[in-house]
4 protein chains.
Amino acid sequence: MRNRERIVTAAREMLVESGADVPLDEIARRAGVGNATVYRHFPDRTTLVHEVVVFVMGRVADSAERAAEEERDPFAAVRRFTHEAADERIGALCPILAGVFHPDEPCVAAARERLENAVRSLFDRAQSAGRMRPDVAVADLLVALSQLTRPLPGTACPANDQFVHRHLQLLLDGLEAPARSELPGTPATLEGLRHPVPLEAARQ
Amino acid sequence: MRNRERIVTAAREMLVESGADVPLDEIARRAGVGNATVYRHFPDRTTLVHEVVVFVMGRVADSAERAAEEERDPFAAVRRFTHEAADERIGALCPILAGVFHPDEPCVAAARERLENAVRSLFDRAQSAGRMRPDVAVADLLVALSQLTRPLPGTACPANDQFVHRHLQLLLDGLEAPARSELPGTPATLEGLRHPVPLEAARQ
Amino acid sequence: MRNRERIVTAAREMLVESGADVPLDEIARRAGVGNATVYRHFPDRTTLVHEVVVFVMGRVADSAERAAEEERDPFAAVRRFTHEAADERIGALCPILAGVFHPDEPCVAAARERLENAVRSLFDRAQSAGRMRPDVAVADLLVALSQLTRPLPGTACPANDQFVHRHLQLLLDGLEAPARSELPGTPATLEGLRHPVPLEAARQ
Amino acid sequence: MRNRERIVTAAREMLVESGADVPLDEIARRAGVGNATVYRHFPDRTTLVHEVVVFVMGRVADSAERAAEEERDPFAAVRRFTHEAADERIGALCPILAGVFHPDEPCVAAARERLENAVRSLFDRAQSAGRMRPDVAVADLLVALSQLTRPLPGTACPANDQFVHRHLQLLLDGLEAPARSELPGTPATLEGLRHPVPLEAARQ
DNA sequence: TATGAATGAGATTTCATTCAT
DNA sequence: CATGAATGAAATCTCATTCAT
């Protein structure tokens with residue numbers, strides 16, 4: 001069905017432009033279908049968002065795989081992936097990564113796993129080559145990346161787009177070996193984000 | 001009198017835990033007062049949020065000033081400030097910094113200015129001493145810091161607290177001179193966040 | 001108690017300026033007292049409004065009595081009374097006359113009776129002298145007068161003040177004998193306004 | 001489709017019976033629909049009221065045009081129009097005429113203009129024929145008519161319906177030439193009602 | 001007595017979701 | 001299949017009235 005695709009596309013655009021709380025009717029309008037048609041394809045709003053998330057995660061995973069193939073330098077691959085993921089607006093799915101939407105959904109879980117694996121291979125290569133500090137994990141990058149590219153609420157447009165890539169560069173510079181500082185706690189895991197955790201105030 | 005404080009405190013807690021869209025009734029319940037009592041003290045929701053924002057910004061500015069006084073090493077001061085700001089949950093006011101709530105409000109503008117100035121003196125010292133790369137501006141840190149510590153939606157609790165300080169360390173490492181990469185675009189300014197800007201996809 | 005008077009005065013002013021739905025807090029503020037003080041003097045909002053009504057009715061009755069004494073021509077007395085009542089803003093108590101607020105309250109009933117009697121004597125004189133058509137009753141004038149001078153909702157000021165006296169003149173001209181038309185139904189009585197009546201569409 | 005009409009009808013009835021501040025929920029209940037259904041058809045309360053106003057004004061203008069066509073005697077046409085307008089409950093839109101609701105809305109403005117023109121032709125004919133005093137304007141009648149038929153607040157029912165037509169007759173008698181009194185001020189204009197005017201206390 | 005503060009009930013409006021065609 | 005229409009639940013805000021000092 002052509003409609004299903006148009007809905008997902010519209011949803012992605014609106015989520016990215018207007019934040020996570022766009023009215024469903026506006027998504028439908030953008031897709032050029034009636035609102036009830038959305039419900040014919042997705043049982044509820046969450047499911048639609050999941051679909052978008054899975055779609056974006058797939059494109060981001062693609063990006064990671066392409067970077068692994070095409071970039072010679074292992075850390076350059078990490079940089080390229082990071083910036084491309086930002087352009088895919090991975091930040092719009094931040095809430096999902098954090099388990100706000102149920103990541104137990106098989107499709108979501110699968111997409112996440114594929115993404116993690118793709119990025120992990122970038123990490124392994126860079127860390128093995130000594131091009132990246134060894135005390136960080138895949139989820140550290142994914143979470144920080146998601147937060148840094150997360151759109152602001154309000155209809156207009158994420159005002160900080162202008163600066164996102166600057167901040168990613170800073171983060172990446174910090175990721176490139178050797179480390180200047182010790183990282184507190186243990187490496188992040190996406191699983192670890194599933195449930196509330198006490199704030200551990202480790203420092204310097 | 002006492003109630004006003006309790007409301008602000010409750011509001012700060014809930015904003016920090018549950019994001020910027022907590023129902024006002026829940027803030028009231030948390031404060032142990034009726035919802036109308038909130039409206040006795042604050043003409044509308046926005047005003048209450050502003051109050052919280054000004055309060056938090058003030059504490060963060062305090063933190064910056066203390067760090068400037070007490071830390072010998074100029075970059076250590078920057079690190080200390082950054083982590084303390086995270087603990088103050090500065091990320092909860094991300095939307096404000098971006099102009100979603102009216103930053104023209106005199107109190108908000110004043111608080112922001114004071115904060116910027118306090119952090120600027122940290123920056124100047126660190127950059128003059130060659131301890132921080134020169135191509136970053138105060139707003140770069142404030143925005144990245146806000147985004148990285150921004151709470152997730154949903155009532156539960158910011159799931160990624162566990163990792164926030166790790167990611168800040170990475171960012172700080174990237175901030176510490178010398179730079180490994182070129183930063184795209186021009187340094188961020190908080191003013192620049194006031195209006196939508198075309199996504200400039202500069203890279204590596 | 002000085003306060004009681006100030007409250008009634010303030011209430012009269014606000015009712016007249018801003019219509020019947022002024023918040024009680026604003027009346028209190030105008031009176032320069034706390035809102036609870038109003039409740040010390042009047043058990044509820046309605047009672048306060050009653051008081052205002054009784055006060056205004058008293059002044060209007062005064063006006064009728066003065067007109068009876070001082071005007072030679074019997075219909076000139078009716079004209080004078082009518083315009084003076086308009087200036088007292090009798091229209092602001094329209095709802096009362098119609099029984100919306102309980103006119104069984106002894107004070108209200110007494111004030112109304114006194115007013116009716118005062119105006120009745122104006123009527124009797126004018127009608128006996130053949131200066132006023134005989135098929136109208138006191139309540140006809142009082143009701144029409146109240147409606148024509150009734151303030152419009154909205155905070156500002158009754159926009160039609162400019163024209164009120166013109167319209168009263170037209171009404172009075174119609175009241176002056178001899179009649180050009182037959183009046184449908186029976187003469188109005190204030191009592192008759194107490195309960196809903198089927199719309200009788202008599203004409204011409 | 002059918003619902004929209006039922007809502008407008010219900011709104012008209014309730015506005016007419018209970019005044020301009022009927023809760024929207026009661027209109028919805030009367031129409032037999034959920035409250036949100038009202039919002040599907042009208043973006044907000046004001047828009048719905050505007051619709052009713054335009055509708056009623058249209059019927060009243062129809063009435064004026066019919067009267068002009070069908071009545072031989074020019075002043076009989078004015079009388080007929082006046083009473084028919086009362087039956088259409090034109091008084092319920094008093095607030096609009098006075099600019100409380102935005103009369104700049106194109107539809108409202110258009111409807112008002114049409115009404116004024118229709119009544120003006122009645123006036124011109126009657127005044128040219130010497131059947132109506134020359135010192136009154138269309139707005140004088142429309143405003144006085146609106147006020148005299150204006151519904152009282154409170155859910156019950158317009159208590160003074162019984163007498164409305166009597167009072168209109170008196171007004172009309174005063175309107176019929178020759179004048180017994182001088183009218184103070186200048187003829188009313190609906191435009192003149194748009195903004196507060198100082199109370200001019202001209203008399204006799 | 002006087003008052004600032006507190007509050008619950010109600011009004012407007014929005015939105016995810018269901019229904020009827 | 002597709003859709004416009006319908007709706008109840010929830011969020012913001014107002015105000016008459018009560019409470020505590």
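The chains referred to below are lettered A, B, ... by the order of the sequence lines, with proteins before strands, and numbering in each begins at 1. We use all heavy atoms of the structure for the numbers below, so side chains are in, but hydrogens, waters and symmetry mates are not.
Each of B:P23 and A:G32 was matched to the nucleotide of DNA chain F holding its nearest heavy atom; the match closer to the 5' end belongs to A:G32. Between A:D25 and C:D25, the residue anchored nearer the 5' end of DNA chain F, judged by the nucleotide with its closest heavy atom, is A:D25.
Between A:T37 and F:dT3 there is a side-chain polar atom (N or O) within less than 4.0 angstrom of OP1 or OP2. Taking only side-chain nitrogens and oxygens, D:H41 never comes nearer than 4.0 Å to OP1 or OP2 of F:dG4.
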Would you list the protein and nucleotides 18-21 of chain F atom pairs, both N or O, that sit under 3.5 Å from each other?
none

Let's test your reading of the pairing rules: Watson-Crick or G-U wobble, both distances under 3.5 Å, then write DNA chain F as a dot-bracket string with ( ), [ ], | and dots. .||||||||||||||||||||

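A straight line from CZ of D:R45 to P of E:dT14 spans 14 Å, rounded to a whole angstrom. For the pair A:L48 CG and E:dC15 P, the interatomic distance rounds to 16 Å; values are reported in whole Å. B:D21 places its CG atom 14 Å from the C1' atom of F:dT12, with the value rounded to the nearest Å.
When distances are taken from the side chain of B:V33 to each of F:dT3, E:dA2, E:dT7, the shortest belongs to E:dT7. Out of F:dT12, F:dA16, E:dT13, the shortest distance to the side chain of D:L24 is found at E:dT13.
Here A:R12 pairs with nothing under the side-chain hydrogen bond (donor to acceptor under 3.5 Å, both in side chains) rule; sequence neighbours left out. In this structure, C:E26 has no side-chain hydrogen bond (donor to acceptor under 3.5 Å, both in side chains) partners at least two apart in sequence or on a different chain. Applying the side chain to side chain contact (heavy atoms under 4.5 Å, CB included) test to C:F42 and every residue at least two apart in sequence or in another chain returns C:R4, C:I7, C:V8, C:V38, C:T47, C:L48, C:E51. Residues meeting the salt bridge (charged side-chain N to carboxylate O under 4.0 Å, His left out) test with D:E105, sequence neighbours left out: none.
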